[in-house]
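Everything on this sheet refers to the single structure shown next.
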Amino acid sequence: QGRLVESGGGSAQAGGSLSLSCVAYEYTSCRGFDMNWYRQAPGKEREFVSGINRDGSTRYAESVKGRFTTSRNNAKNTLTLQMNSLTVEDTAMYYCQTAGYGGAWQWCFGTQWGRGTLVTVSS
């Protein structure tokens with residue numbers, strides 16, 4: 001069964017850094033998929049943070065541009081998010097998402113979500 005597993009969340013002081021990782025298990029037989037980070041702060045809707053398309057192009061939300069960097073290892077099906085200059089507004093549950101383009105398994109199609117990892121930034 002394909003699944004996404006996030007790790008690396010925790011606590012940081014404002015101005016500090018954290019790095020998140022996401023491993024996409026059992027995705028080897030998928031033809032291609034975008035990998036994205038979303039986050040959801042308490043009382044707010046889930047929002048897009050950053051992502052890397054299957055062609056390698058990156059996208060960032062305006063709120064994190066210049067502070068966050070996302071990278072992808074296609075051989076290992078992993079996605080990372082390096083978060084620098086953190087602010088209290090970055091406090092949220094961070095979710096890994098894939099958007100698939102097909103393949104051998106059901107999870108190769110459409111969107112799949114991980115369970116999230118919590119990031120807490122204090123002032």
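Quick note: residue numbers are just sequence positions, from 1.
The closest side-chain heavy-atom distance from Trp107 to Gln1 is below 4.5 Å. No side-chain heavy atom of Gln13 sits less than 4.5 Å from a side-chain heavy atom of Val121. Asn77 is not listed as a side-chain neighbour of Met35, based on a closest heavy-atom distance of 4.5 Å or more. Using a 4.5 Å heavy-atom cutoff, the side chains of Thr98 and Thr111 are not in contact. Looking at heavy atoms from C-beta onward, Leu79 lies out of side-chain contact with Leu81 at the 4.5 angstrom threshold. With contacts defined as side-chain heavy-atom distances shorter than 4.5 Å, the pair Gln106/Gln112 qualifies.
Considering every non-hydrogen atom in both Ser11 and Leu18, the closest pair reads O-CD2, 4.2 Å. Annotation for Ala14 and Ser123: closest pair CB-CA, 4.2 Å, computed over non-hydrogen atoms. When all heavy atoms are compared, the tightest approach of Ile52 to Asn36 is N-OD1, 4.1 Å. Contact detail for Gln82 and Ser19: the closest heavy-atom pair is OE1-CB, 3.4 Å.
A donor-acceptor pair under 3.5 Å links the side-chain atoms of Asn73 to the main chain of Ala75, judged by distance alone. A donor-acceptor contact shorter than 3.5 Å is absent between the side chain of Thr70 and the backbone of Ser50. A donor-acceptor contact shorter than 3.5 Å is absent between the side chain of Thr91 and the backbone of Thr120.
The line from OG1 of Thr69 to NZ of Lys65 is 13.0 Å long, rounded to the nearest 0.5 Å. Atom CH2 in Trp37 sits 7.5 Å away from atom OG1 in Thr117 (nearest 0.5 Å). Summarising the geometry, atom NZ belonging to Lys44 is positioned 16.0 Å from atom CE belonging to Met93; distances are rounded to the nearest 0.5 Å.
Residues forming a side chain to side chain contact (heavy atoms under 4.5 Å, CB included) with Thr80 (at least two apart in sequence, or on another chain): Ser21, Ser71.
Annotation: Arg115, atom CZ; neighbour count of heavy atoms from other residues, nucleotides and ligands within 6.0 Å does not exceed 12. Other residues, nucleotides and ligands contribute more than 12 heavy atoms inside 6.0 Å of the CH2 atom of Trp113.
Every pair passing ring pair (Phe, Tyr, Trp, His ring centres under 6.0 Å) that includes a residue from residues 44-80 is listed here, sequence neighbours excluded: Tyr38-Phe48. Applying the disulfide bond (SG atoms under 2.5 Å apart) test to every pair with at least one member in residues 54-123, sequence neighbours left out, gives these pairs: Cys22-Cys96, Cys30-Cys108. Residue pairs meeting the salt bridge (charged side-chain N to carboxylate O under 4.0 Å, His left out) criterion with at least one member in residues 90-101, sequence neighbours excluded, are Arg39-Asp90, Arg67-Asp90. Listed by first then second residue, pairs satisfying ring pair (Phe, Tyr, Trp, His ring centres under 6.0 Å) with a partner in residues 78-102 number zero, not counting sequence neighbours.
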Original post:
So Glu6 and Leu20, side chain to side chain contact (heavy atoms under 4.5 Å, CB included) or not? Walk me through it.
Top reply: CA-CA 7 Å; Glu6 304 96 334; Leu20 306 183; over 6 Å; no
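For the 3.5 Å distance criterion, the side chains of Asn84 and Ser17 qualify, holding a donor opposite an acceptor.
Taking Ile, Leu, Val, Met, Phe, Trp and Tyr as members and joining any whose side-chain heavy atoms lie under 4.5 Å apart, directly or through other members, the hydrophobic cluster of Val23 also contains Val5, Tyr25.
Follow the hydrophobic side-chain contacts under 4.5 Å out from Phe109 and you never reach Trp105; the two are in separate clusters.
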